[in-house]
Amino acid sequence: MIYDYLIVGAGLYGAVFAERALAHGKKVLIVDKRSHIGGNVYTENLEGINVHKYGAHIFHTNNTNVWNYINHFATFNRYTNSPVANYNGELYSLPFNMYTFNKMWGVITPKEAKEKIEEQRIAANISNPSNLEEQAISLVGIDIYEKLIKGYTEKQWNRPCKELPAFIIKRLPVRFTFDNNYFNALYQGIPVGGYTRIIEKMIAGADIKLNTDYLTERESLNELANKIVYTGSIDEYFNYSLGVLEYRSVNFETELLDISNYQGNAVINYTDSETPYTRIIEHKWFEFGKDENGNDLLKTIISKEFSSEWKPGVERYYPINNDKNNDLFKAYKELAEKETNVIFGGRLGEYKYYDMDQVIDIALNRANSEFI
Ligand code: UDP
């Protein structure tokens, strides 16, 4: 054996695990079927702008350990995510906070806002929310549900809100203060120089083979290493033998524009059901419209984000964690437990809607138990 670990997938989970393995003197080979490292956190510098090629990635965490760890590989700027919702030309603050309630109902005080929501919750007769629609109405009332949640969510997931799990909407804070910060996180920012550099630093010292599809070359690749870390989709590893796990995918239409400011914010969500895209990202605002030397960028790059059902051959983005898929995942997990020299990890390996900080946390924990 030439390597201690073969890591399949050069995304965040694979990179963190590789970094820890290398720090413990292990020999590591990383393979990725794409032509670049970084998985979906990959950023590419175009015209001085770090473009989030697989959608907006805003680092945020409450985990001090994770924050300290990631800060070894980058300096983070003070970017705070404050998306704006555009509902048929009406603009609202996100997440749901006093600015949103004031614009929606004209209420002035937190007490008035709470009374309005309570009145709408009672009218909808929901006591024990069991799906996304009921959860949303009981948190923010019917008006906000209809203007800011329903259209966006049904475009993103292509399923009625009644058929989606409630936990998805709990990702968003509801605040009775004038605070537009999208995340309830102690730490937040965008890495100066982009995410790809973080991954490069983490895996420096490993051998890397890009454009290499592990699953089509698994016999020869397996012979190279004692142990495998697999971060691809778990159903594909087992040749879909028990069935196919469902995902949502995302496509982007990206344009370079010869103007300096297209929408005045990094993220604008289109929350109506008619606009075909879910949001527009204007990448330069993640770094305050400046290049790395602090100069104002004269052009801008925007990406319209379109949601679609995943099918073989396209990229996976969001696991659809409903009961049917979660049960199927459990069955695959039982198979995975029998593969004693393979570690399954990450959003695809564990079929979980993880944020970046959660992925780092689970990879660090897995590495800790491996290298003690
Ligand atoms: N969401 C919404 N309206 C918005 C933004 C988000 O209804 O303007 C809901 C939607 O159901 C979405 C969920 O909140 O799936 C989580 O959004 P988040 O921004 O966390 O998703 P991500 O950035 O991971 O795509």
Side-chain angles (χ1 to χ4, degrees), residues 12 39-41 52 54-61 79-88 90-97 99-100 103-104 129 131-175 180-185 188 190 246-252 263 265-273 275 277-281 283 286 303-310 315-322 347-348 352-359:
L12 205 45
N40 282 8
V41 307
H52 295 217
Y54 298 87
H57 281 78
I58 299 138
F59 196 85
H60 57 99
T61 189
Y79 179 80
T80 301
N81 195 29
S82 302
V84 171
N86 181 327
Y87 175 76
N88 293 328
E90 293 171 27
L91 300 184
Y92 292 92
S93 277
L94 292 173
F96 313 118
N97 72 88
Y99 289 111
T100 328
K103 179 95 188 252
M104 188 68 67
N131 57 50
L132 196 153
E133 175 172 298
E134 292 176 6
Q135 182 70 66
I137 295 171
S138 74
L139 283 171
V140 289
I142 193 82
D143 294 334
I144 290 182
Y145 170 68
E146 282 184 347
K147 287 189 169 181
L148 304 184
I149 297 175
K150 189 174 193 295
Y152 186 93
T153 303
E154 294 187 347
K155 279 192 291 190
Q156 179 170 357
W157 297 95
N158 196 30
R159 282 160 179 74
C161 288
K162 275 193 177 65
E163 290 173 21
L164 286 165
F167 83 86
I168 293 177
I169 200 67
K170 286 202 195 145
R171 290 169 60 84
L172 306 193
V174 179
R175 291 200 195 101
N180 287 332
N181 182 353
Y182 197 63
F183 299 117
N184 280 325
Q188 178 171 185
I190 297 284
E246 295 174 297
Y247 287 89
R248 294 298 291 165
S249 188
V250 181
N251 314 310
F252 298 95
Q263 64 183 14
N265 205 30
V267 185
I268 308 261
N269 290 356
Y270 287 78
T271 59
D272 63 284
S273 54
T275 306
Y277 40 86
T278 51
R279 48 191 167 190
I280 301 183
I281 309 299
H283 302 267
F286 290 126
S303 297
K304 291 181 179 145
E305 183 171 327
F306 298 83
S307 185
S308 62
E309 197 73 25
W310 173 82
E315 302 296 353
R316 295 173 171 96
Y317 281 80
Y318 298 97
I320 303 176
N321 287 117
N322 57 22
R347 220 189 233 210
L348 307 184
K352 276 207 189 73
Y353 188 178
Y354 280 137
D355 286 332
M356 289 182 282
D357 63 325
Q358 295 171 304
V359 169

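Values reported hereafter were calculated over all heavy atoms of this structure, with side chains retained and with hydrogens, waters and symmetry mates removed. Just so you know, ligand 1 is whichever comes first in the structure, and atom 1 is the first atom listed for that ligand.
- Two residues are said to be in side-chain contact when any heavy atoms from C-beta on lie closer than 4.5 Å; Tyr318 and Gln156 meet this criterion.
- Those atoms of ligand 1 that come under 4.0 Å of a heavy atom in Thr271, given as number and element, are 8 (O).
- Counting only heavy atoms of the protein, atom 19 (O) of ligand 1 lies nearest to Tyr182 OH, 2.6 Å.
- To the nearest 0.5 angstrom, Leu139 atom CG is 9.5 Å from Leu172 atom CG.
- Set against the non-hydrogen atoms of Gln156, the atoms of ligand 1 under 4.0 Å away are 12 (C), 15 (O), 25 (O).
- Using a 30° and 60° split on the angle between ring planes, His52 and His283 fall in the tilted class, from 30° to 60°.
- The shortest side-chain heavy-atom distance between Arg347 and Tyr353 falls under the 4.5 Å cut-off.
- Of the N or O atoms in Arg171, one or more lie within a sub-3.5 Å distance of an N or O in ligand 1.
- Where the criterion is an N or O separation shorter than 3.5 Å, residue side chain and backbone included, Leu132 fails it with respect to ligand 1.
- Polar contact check, Tyr152 against ligand 1: no nitrogen or oxygen pair lies under 3.5 Å apart.
- Ranking the protein heavy atoms by distance from atom 9 (C) of ligand 1 puts Ile169 CD1, 3.6 Å first.
- For ligand 1, the atoms lying closer than 4.0 Å to a non-hydrogen atom of Tyr353 are 21 (O), 22 (P), 24 (O), 25 (O).
- Atom numbering of ligand 1 starts at 1 in the shown order; those under 4.0 Å from a heavy atom of Ile168 are 11 (O), 13 (C), 15 (O), 16 (C).
- With a 4.5 Å cut-off on side-chain heavy atoms, Leu132 and Trp157 do not count as touching.
- In this structure the side chain of Ser308 reaches within 4.5 angstrom of the side chain of Asn251, judged on heavy atoms.
- With hydrogens and angles disregarded, a donor-acceptor distance shorter than 3.5 Å links the side chain of Gln358 to the backbone of Asp355.
- Counting heavy atoms from C-beta outward, Ile168 and Thr153 have side chains that stay 4.5 Å or more apart.
- Scanning the protein for heavy atoms near atom 3 (N) of ligand 1, the closest one is Leu148 O, 2.8 Å.
- Within the structure, the closest approach of Arg279 to ligand 1 falls below 4.0 Å when heavy atoms are considered.
- In terms of protein heavy-atom proximity, atom 25 (O) of ligand 1 is nearest to Tyr318 OH, 2.5 Å.
- Ion pairing of Glu154 with Arg159 is absent here, as no side-chain N (NZ or NE/NH1/NH2) approaches a carboxylate O to less than 4.0 Å.
- Annotation for ligand 1: atoms under 4.0 Å from non-hydrogen atoms of Leu94 are 8 (O).
- Residue, atom and distance of the protein heavy atom nearest to atom 10 (C) of ligand 1 are Thr153 OG1, 3.2 Å.
- Close approach to Ile149 involves these atoms of ligand 1, each under 4.0 Å from a residue heavy atom: 7 (O).
- Per-residue contacts place Trp157 under 4.0 angstrom from the following atoms of ligand 1 (heavy atoms of the residue considered): 15 (O).
- The Asn269 neighbourhood of ligand 1 comprises atoms 4 (C), 5 (C), 8 (O), with distances under 4.0 Å to a heavy atom of that residue.
- The nearest pair of heavy atoms linking Arg279 to Val267 is CD-CG1, 4.1 Å.
- Heavy atoms only, all atoms of each residue included: Ala56 and Ile281 are closest at CB-CD1, 3.8 Å.
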